[in-house]
Amino acid sequence: MPEPRQIVTSERIRTVAVLIIDNPPVNALSHAERAGIQAGVNAAIADNAVKAIVLICAGRTFVAGADITEFGKPMKEPSLRAIIETIENSSKPVIAAMHGTALGGGLELALSCQFRVGAAEAKFGLPEVKLGILPGAGGTQRLPRLVGLRLALDMITTGEPIGARQARETGLIDDIATGDLRASAIAFAERVLRDHLPLRRVRDLSDKLKVPEADFFKTQRGALAKRRRGLEAPQACVDAVEAAATLPFEQGLKRERELFVNLLQGDQSKAQRYFFFAEREANKIPDVPADTPVKPIHKAAVLGAGTMGGGIAMNFANAGIPVTVVETDQKALDRGLGLVRKNYEISASRGGMSAEDIDRRMALIKASLSYDDIADADLVIEAVFEDMALKKEVFGKLDRIAKPDAILATNTSTLDVDEIAAATKRPQSVIGLHFFSPANVMRLLEIVRGAQSSKPVIASSMALAKTIRKVPVLVGVCDGFVGNRMLAQRGREAERLLIEGALPHQVDKVLTDFGFPMGPFAMGDLAGLDVGWRVRQARGTKAPIADALYEAGRLGQKTSGGYYHYEPGSRAPLPDPDVERIIVEVSKKLGVERRAISEPEMLERLVYPMINEGAKILDEGIALRPSDIDVIWIHGYGWPVYRGGPMHYADQVGLAKIRDRLADFAKRFREPALEPAPLLAQLAGEGRGFAEWRQPSRAAS
Ligand code: NAD
């Protein structure tokens, strides 16, 4: 048997031992890597010829974190904490030489070194909070000692990294490498030896631990409770940093450990770690292998400069891709591009970008009234009115004008992508790219695979999503695709709750308490009640309360009243006695005796039907996996990340309970859509959860 490859190797340059960690792709702290570092450091300390140690990584980055696949399993020694103790107490200076991204456990490792040198493009961060935990190997205790409480707290509670310049200015690193990092770090080590610089341990520093203002921690907790509502980890991060400021180092470490273990064992971090893998899994499409040819998008075009078209165009300009926006009338074009500029100016006023940035981006967006201008586009996204006849006409035209290998995409929310594709002679080039509003902000992109969409067109669309910083999820063709199809279930039940006895603010409260940023009725007011009314008209369906409000001229925020009342200039929804009157009248007309409905019942009635629909979506092969549905709901609809998405949540509740409740609702409300879906019933019967289920064919539709 060949010798296993050594992850950590050592070289000696004069009196400096250079330990090289080589564990692709990101040098994550696996067990073998930890053992290698520990052995390497111990050997260098024991070697009389060695006077200083440089810790450096091969590949594209310094250690980018713990090995997350080891989470939740018993930690095999040596633990990261043990290595950190060895390095921190070393009698010889240890210098971390960092390039790429020094993140999480990687940065904690560097914080235990006596000195730190960074490459100019390196980034440094503690992103643990994004997984619902906190840095558990001393990061919360050492970072504030180097950079001060305010910046440390900011880095730890947001998880966002800082660059080399800021790291140097704030004391996180001691030097920025000029030229070759390895050579710079060795030179730095030799300077330490020559100048007899003292072996400064971060744990012994205290001058930056001064609390910057009275009530500092209380203010931070309050701000985080608003900004990261419902999340436990950011609050625990504040507790840990406060411990750094108020307790002796060893006690602070102990406190950090307790907080870490607590979070690690909790439901929130379980959900957030699940979601971390779910996002990555969504990129894999079983029948579209990773080596499928991808067409680069050098030029894009968007048809329609309305609500969606303008926002979609911004995504390309932001990514530096020229985009042509085509409209039928000059006024709509001017309005659309005016709005794009205004959106950029708002970002600029918040400090996000400069006047030159705006000009550069606007210069990438070309306005046109002629379809001939899309002839050289690699990708065309149609975002005209939601009207099948119009879409067919537009795709017929596209077929004549677009390059033979162009990707032809539709942003339709409700129409049949296959019918649209049939208007062309190249249905294999047609795909749905379903953006969410506001399209320049929302990360989700449902990629709708038509019956004939080719594999390269699918692979290219997935790759494009990454380029424009979206989160793509592949779905199949059906009414509403995945997200809106499940949303419709919730919408129907929300209306039913009003008829039975609830009021809009009571229903919305149940969902905001659950963790959604907004309930369905506040959302309805934001979108406009005319939107749903038009859809119902087109489909010949009814929603007695929504219809009554629409007919009373209550269209939502734009008319200062919908399900709520709005004071002039305010977006704060206020319960409105007029609305209550309208609702009570509708109940009466329908012969319903209104009753008080408990909050737990409301939650079940709103969420379980969505889960049920999710089960049908899986059974039909519209979504590839339960976790894809969760990615859609978290990125597109505000499902709280700490509850892991509807399908993960269902597993936590238990499918048998959901099945039984749905069966009861279906009977009570005589609603066939609430009958437990076959897949849900089957899994519940077998005592299994969605997490254990696999798509038999593993292909979307
Ligand atoms: P919108 O009414 O705001 O804009 C449509 C624009 O298309 C108008 O400016 C119109 O002048 C233009 N247009 C009409 N015919 C055209 C043609 N032949 N060529 C070029 N431009 C033409 O509509 P919207 O809300 O931006 O929706 C556009 C599409 O996106 C629809 O299919 C809709 O279902 C879908 N969508 C909307 C949302 C949303 O929240 N608004 C979300 C996802 C998807």
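Residue numbers run from 1 in the order of the sequence given. What you see is a predicted model, and the numbers here were worked out from it, not measured in a lab. The figures that follow rest on heavy atoms only: side chains count, while hydrogens, waters and symmetry mates do not. Whatever order the structure lists ligands and atoms in, that order sets their numbers, starting from 1.
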Return the residue, atom name and 0.1 Å-rounded distance of the protein heavy atom closest to [atom].
atom	answer
atom 4 (O) of ligand 1	Gly306 CA, 3.2 Å
atom 19 (N) of ligand 1	Tyr371 OH, 2.8 Å
atom 35 (C) of ligand 1	Asn411 O, 3.3 Å
atom 20 (C) of ligand 1	Val326 O, 3.5 Å
atom 44 (C) of ligand 1	Ser413 OG, 2.9 Å

Heavy-atom protein neighbour under 4.0 angstrom from atom 23 (O) of ligand 1: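 When distances to the protein are checked, atom 23 (O) of ligand 1 has no heavy atom within 4.0 Å.
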Backbone or side-chain N or O of Glu382 under 3.5 Å from ligand 1 N or O: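 No, there is no polar N/O contact under 3.5 Å.
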Under 4.0 Å to a heavy atom of Ser437 - the qualifying atoms of ligand 1, by number: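 Heavy-atom distances to Ser437 below 4.0 Å select 40 (O).
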Where ligand 1 meets Thr412 - atom numbers and elements under 4.0 angstrom, heavy-atom basis: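 Those of ligand 1 that fall under 4.0 Å from Thr412 are 32 (O).
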With a 6.0 Å cut-off on ring centres, are [X] and [Y] close enough?
X	Y	result
Phe275	His635	yes
His505	Tyr564	no
Tyr637	Phe436	yes

Taking atom [atom1] of [X] and atom [atom2] of [Y], what is their separation to the nearest 0.5 Å?
X	Y	atom1	atom2	answer
Arg625	Gln695	CZ	CD	9.5 Å
Lys342	Ser347	NZ	OG	12.5 Å
Met388	Thr412	CE	OG1	7.0 Å

Student check: side-chain heavy atoms of Glu345 and Ile358 closer than 4.5 Å: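 Yes - at least one pair of side-chain heavy atoms lies under 4.5 Å apart.
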Heavy-atom closest pair, residues Ala282 and Pro472: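 Between these two residues, the closest heavy atoms are CB-O, 4.1 Å.
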Val394, portion touching ligand 1 at heavy-atom distance under 4.0 Å: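 Side chain only.
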Under-4.0 Å heavy-atom contact with ligand 1, by part of Phe435 that carries it: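 Answer for Phe435: backbone.
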Heavy atoms only: which of [options] is nearest to [atom]?
atom	options	answer
atom 7 (O) of ligand 1	Thr414, Val384, Leu390	Val384
atom 10 (C) of ligand 1	Met308, Glu327, Glu393	Glu327
atom 5 (C) of ligand 1	Ala527, Gly528, Ala383	Ala383

Lys558 side-chain N/O to Leu526 backbone N/O, donor-acceptor pair under 3.5 Å: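 Flag not set: sc Lys558 to bb Leu526 has no pair under 3.5 Å.
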